[in-house]
Protein chains: 2
Amino acid sequence: MAGSVRTTPDMDGCLRVDEALSRAFHILGKRWNALVLGSLRGGPAGFRELSRAIDGVSDSVLADRLAELTQNDLVRRSVDAGPPVSVSYALTERGEALMPALDEISAWAVKHLPPEPAASPSAG
Amino acid sequence: MAGSVRTTPDMDGCLRVDEALSRAFHILGKRWNALVLGSLRGGPAGFRELSRAIDGVSDSVLADRLAELTQNDLVRRSVDAGPPVSVSYALTERGEALMPALDEISAWAVKHLPPEPAASPSAG
DNA sequence: GTTGTTGCTTCGTTTTTCGAAGCCGCTATG
DNA sequence: CATAGCGGCTTCGAAAAACGAAGCAACAAC
């Protein structure tokens, strides 16, 4: 049927954002969260690996995002007691469930978002 | 249909986030952008209407987001010279193209994200 | 004329993010 | 053992973004 989760046109007189969308973007709306999720798409990865993959995020922020994502059960932190103890992050079921959506976003960007203004394309 | 836009496992030795996803979340990753887009889902809306719909965003930030979205051609600003001049914002084609993705996110949130901890349900 | 509405800007304060450095354990070198 | 590097995170100070309330201009209602 129609109205599943969209906005409510006039429930009490005024528009209202979809609460679910709001919840989702309370997480995804943070500067790097979606990117770390996307990076984990190809399988588990370590902290440094993620740090290099994302390119632009600082260690402090990455640690913060990872903690938040872990707390929200989107990512799972696994410790392998080597002896050279190593940590790896992976998507949880909840996190994996988000991948199709991230895929859509990515596809949209490919189709509708320019590769970036870059420097002068005709000059130089 | 192998690798379309995902991460590149080892192109030059290390993971790399999908650039398209990165571009997309350069916009969607800002605190309210996705919400204003979602609010416009049901049709054009005015500034105040949006302001009330989103609930939590301040005028200054909303104006900023709207300008950014407009600049990115996701939203279009229309001025109707009444005489009571009125302004309305609507999704552009590019913006509308994003709706299915936002839908996915929303559906995911409904299915995988709790309605929020809220106040303590059992504790005082 | 006063009050209320819409659309948006400006200013000062609080929250978030950034970026580099530091600590700890293990490995490789000398 | 001392030095040097890697990986995993944390701490600190600085910059950026978001907030929140007030203000300006135009229009409608009383």
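Letters A, B, ... mirror the listed sequences (proteins, then strands); counts begin at 1.
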To the nearest angstrom, how far is [X] atom [atom1] from [N] atom [atom2]?
X: A/D59; N: C/dC24; atom1: CG; atom2: C1'; result: 15 Å
X: A/E68; N: C/dT16; atom1: CD; atom2: C1'; result: 11 Å
X: B/R52; N: D/dG20; atom1: CZ; atom2: C1'; result: 18 Å
X: A/L50; N: D/dG8; atom1: CG; atom2: P; result: 9 Å
X: B/F47; N: D/dA26; atom1: CZ; atom2: P; result: 19 Å

Would a distance-only check, ignoring hydrogens and angles, find a side-chain to backbone donor-acceptor pair under 3.5 Å from B/D18 to B/A20?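 The answer is yes, because a donor-acceptor pair under 3.5 Å joins these two groups.
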Can you tabulate the close N/O pairs, meaning under 3.5 Å, that link protein atoms to atoms of nucleotides 17-19 of chain D?
residue : atom : partner : partner atom : Å
D/dA18  : OP1  : B/R65   : NH1          : 2.8
D/dA18  : OP2  : B/R65   : NH1          : 2.9
D/dA18  : OP2  : B/R65   : NH2          : 3.2
D/dC19  : OP1  : B/W32   : NE1          : 2.6
D/dC19  : OP2  : B/W32   : NE1          : 2.8

OH on B/Y89 to OG on B/S39, rounded to 0.5 Å: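 Output value for this atom pair is 13.5 Å.
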According to salt bridge (charged side-chain N to carboxylate O under 4.0 Å, His left out), does anything in residues 87-101 of chain A pair up with another residue at least two apart or in another chain? List the pairs.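 Sorted result for residues 87-101 of chain A: empty, none.
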Nearest non-hydrogen partners of B/A34 and A/L21, listed with the distance: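 For B/A34 and A/L21, the tightest heavy-atom pair comes out as O-CD2, 4.0 Å.
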Is it true that the side chains of A/T92 and A/D73 contain a donor and an acceptor less than 3.5 Å apart?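 No, no side-chain donor-acceptor contact under 3.5 Å.
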Answer whether the closest heavy-atom distance between the side chains of B/V87 and B/D80 falls below 4.5 Å.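 Not in contact.
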